[in-house]
Amino acid sequence: MASALSEVSALVTGGTSGIGRAAAVELARLGARVAVSGRDQQRGKDVVAEIGTAGGSAEFIAADLRDAASARTLAGRAVEQLGRVDVLVNNAGVFPYGPTEQMTEADFDAVFGLNVKVPYFLVAELAPKMAERGGGAIINITTMVAELGTVDEGLYGASKAALALLTKSWAAEYGPRGVRVNAVSPGPTRTRGTAAWGEALDQLAAQGPAGRPGTPEEIAEAIAFLAGDRASFIHGAVLPVDGGRTAV
Ligand code: NAP
């Protein structure tokens with residue numbers, strides 16, 4: 001039997017660490033040919049090697065993403081290297097934490113640049129090509145914080161709330177031409193990016209029914225599901241994978 005994602009080419013931004021890395025590994029395990037994008041060459045090499053050792057197919061595309069130009073360049077390179085992109089996972093993100101009065105304009109621009117502008121222009125480049133071929137899937141990674149009024153995470157939450165709304169807009173725009181656009185909204189998840197949080201991550205996670213942080217692999221399961229045909233009737237959904245935190 002063919003694998004669920006054989007014949008599928010996928011681009012995962014921020015695929016060198018945490019949730020993106022787990023998503024790249026899972027998509028490859030299901031048969032996709034994966035382009036893993038990130039800044040760090042060594043981490044890129046490591047994930048490509050891990051996927052190769054498991055029998056999958058992956059390549060690393062280095063990209064420091066911050067604006068429309070960097071997004072367009074990455075999209076071009078992914079199409080060049082993979083032939084086409086059928087699945088786009090907009091995962092790369094930054095999540096600074098702190099009082100509003102301490103956030104600088106540079107912080108603001110970095111957060112909205114990577115979390116909103118880059119997905120926007122990757123979709124602008126790649127979704128029309130998917131639509132021309134009559135199919136594709138885009139999965140945006142948002143956060144439970146996009147739905148909660150949290151202290152010290154307003155800037156980050158606002159950027160992901162924008163991405164959640166874009167998920168629905170793009171579903172309306174590209175869905176009729178066969179491109180499914182959805183989002184996965186993780187709760188507290190142990191990654192390199194949250195390593196410095198230590199016990200604060202456990203305390204945050206303790207407020208939800210699961211009572212613990214998630215693993216990158218648990219988030220990746222949802223991403224892989226939305227990427228494949230088993231999610232064929234799902235458009236414009238923002239799927240919470242947050243241990244139930246936003247349900248209570
Ligand atoms: P992480 O471990 O910090 O990994 C971040 C990834 O993004 C890395 O691959 C990193 O590449 C890449 N990246 C960062 N800045 C970049 C830039 N300027 N250009 C290109 N790539 C860049 O993060 P994570 O915890 O897995 O989070 C992944 C996504 O999930 C983010 O969008 C985050 O907002 C969201 N999320 C995370 C949690 C959580 O608790 N962890 C919860 C909700 C939502 P390098 O390896 O090259 O640095």
Side-chain angles (χ1 to χ4, degrees), residues 11-26 34-48 60-71 73-75 77-78 89-97 106-107 109-119 121-122 139-148 150 153 155-164 166-167 183-198 200-205 207-208 210 212-220 222-223 238-243 245-246:
L11 169 62
V12 181
T13 68
T16 48
S17 174
I19 291 168
R21 179 181 174 131
V25 168
E26 181 60 11
V34 182
V36 172
S37 180
R39 296 165 299 182
D40 190 278
Q41 296 278 351
Q42 189 55 52
R43 282 197 284 274
K45 272 190 192 163
D46 290 348
V47 65
V48 165
F60 175 61
I61 305 179
D64 189 354
L65 298 168
R66 54 188 68 242
D67 53 17
S70 57
T73 302
L74 173 60
R77 288 193 59 199
V89 182
N90 279 315
N91 165 78
V94 276
F95 30 95
Y97 183 91
D107 292 329
D109 289 344
V111 169
F112 271 78
L114 183 59
N115 296 4
V116 184
K117 195 184 265 192
V118 164
F121 286 98
L122 282 173
I139 301 102
N140 298 320
I141 310 307
T142 62
T143 171
M144 72 178 193
V145 173
E147 292 175 49
L148 306 169
T150 52
E153 289 185 292
L155 175 59
Y156 169 56
S159 72
K160 293 292 193 173
L163 188 58
L166 284 167
T167 300
V184 168
S185 178
T189 307
R190 263 196 213 296
T191 65
R192 191 172 53 82
T194 55
W197 292 37
L201 195 77
D202 295 292
Q203 282 159 12
L204 190 63
Q207 296 166 23
R212 62 165 176 86
T215 66
E217 290 73 24
E218 287 174 306
I219 313 298
I223 297 170
V238 180
L239 175 61
V241 188
D242 61 4
R245 176 61 183 86
T246 50

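Both ligands and their constituent atoms are indexed starting at 1 by order of listing.
Heavy atoms of G187 approach ligand 1 to within less than 4.0 angstrom. Assignment of R66 to the shell around ligand 1 is not supported, since no heavy atom sits closer than 4.0 Å. Residue contacts with ligand 1 include K160, since one or more of its heavy atoms lies under 4.0 Å from the ligand. By the 4.0 Å heavy-atom criterion, T142 is counted among the residues contacting ligand 1.
Classified by interplanar angle (parallel below 30°, tilted 30° to 60°, perpendicular above 60°), the ring pair F95/W197 is perpendicular.
Among protein heavy atoms, the minimum distance from atom 24 (P) of ligand 1 is reached at T191 OG1, 3.6 Å. In this structure, atom 7 (O) of ligand 1 lies nearest to the protein heavy atom G14 CA, 3.5 Å. When only non-hydrogen protein atoms are considered, atom 2 (O) of ligand 1 lies nearest to S17 OG, 2.7 Å. For atom 11 (O) of ligand 1, the nearest non-hydrogen atom of the protein is T16 OG1, 3.2 Å. The nearest protein atom to atom 43 (C) of ligand 1, hydrogens excluded, is given as P186 O, 3.4 Å; this is a heavy-atom distance. For atom 27 (O) of ligand 1, the nearest non-hydrogen atom of the protein is F95 CE2, 3.7 Å. Protein heavy atom at the shortest distance from atom 41 (N) of ligand 1 is T189 O, 3.1 Å.
Within the listing of ligand 1, atoms 40 (O) sit less than 4.0 angstrom from a heavy atom of P188. For ligand 1, the atoms lying closer than 4.0 Å to a non-hydrogen atom of G193 are 1 (P), 2 (O), 3 (O). Under a 4.0 Å criterion applied to the non-hydrogen atoms of A63, ligand 1 contributes the atoms 19 (N), 20 (C). In the vicinity of I141, heavy-atom distances shorter than 4.0 Å reach the ligand 1 atoms 30 (O), 35 (C). Less than 4.0 angstrom separates some heavy atom of T194 from each of these atoms of ligand 1: 39 (C), 40 (O), 41 (N). The distance from ligand 1 to the heavy atoms of Y156 drops below 4.0 Å at these ligand atoms: 33 (C), 34 (O), 35 (C), 36 (N), 43 (C), 44 (C). Ligand 1 places these atoms under 4.0 Å from at least one heavy atom of G18: 2 (O), 26 (O). Remark: ligand 1 atoms within the under-4.0 Å shell around heavy atoms of D64 are 17 (C), 18 (N), 19 (N).
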**Prompt:** After noting the C-alpha distance and the side-chain angles of V184 and I141, does the key distance pass the side-chain contact (heavy atoms from CB on, under 4.5 Å) rule?
**Reply:** CA-CA 5 Å; V184 168; I141 310 307; 4.1 Å; yes
**Request:** List the steps, then state whether side-chain contact (heavy atoms from CB on, under 4.5 Å) holds for D46 with R21.
**Result:** CA-CA 10 Å; D46 290 348; R21 179 181 174 131; 4.0 Å; yes
**Request:** Dump the intermediate steps for side-chain contact (heavy atoms from CB on, under 4.5 Å) on I19 and I223, then the final yes or no.
**Result:** CA-CA 10 Å; I19 291 168; I223 297 170; 3.9 Å; yes
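When only interatomic distances are considered, the shortest N/O to N/O separation between G38 and ligand 1 does not fall below 3.5 Å. Residue contacts with ligand 1: L65 is placed with a nitrogen or oxygen under 3.5 Å of a nitrogen or oxygen of the ligand (distance criterion only). Some N or O of I19 is nearer than 3.5 Å to an N or O of ligand 1, by distance alone. For ligand 1, the polar-atom distance check against D40 finds a nitrogen or oxygen pair separated by under 3.5 Å. Remark: ligand 1 and T143 share no N or O pair separated by less than 3.5 Å (distance only, no angle test).
Of the options R192, R39, M144, the smallest heavy-atom separation from atom 13 (N) of ligand 1 is shown by R39. Of all the listed residues (S37, G93, G20), G93 holds the heavy atom that lies closest to atom 5 (C) of ligand 1. For atom 28 (C) of ligand 1, the nearest non-hydrogen atom from the set N140, N91, V111 comes from N91.
A donor-acceptor pair is defined here as one N or O able to donate and one able to accept, closer than 3.5 Å; no such pair exists between the side chain of S185 and the backbone of L239. Under a 3.5 Å cut-off, the side chain of S159 and the backbone N or O of F112 do not form any donor-acceptor pair.
In summary, D109 and K117 do not engage in a salt bridge, as defined by a charged side-chain N under 4.0 Å from a carboxylate O. Under a 4.0 Å N-O distance rule, the pair D242/R245 does not qualify as a salt bridge.
Considering NZ of K45 and CZ of F60, their distance stands at 9.5 Å, rounded to 0.5 Å. One distance of note links CG of N115 with CG of N90; it measures 10.5 Å at 0.5 Å rounding.
Contacts between R21 and ligand 1 below 4.0 angstrom, taking non-hydrogen atoms only, are absent altogether.
In this structure, L11 and A78 approach most closely via the heavy-atom pair CD2-CB, 4.0 Å.
Side chains of D40 and T16: a donor-acceptor N/O pair is absent below 3.5 angstrom, by distance only.
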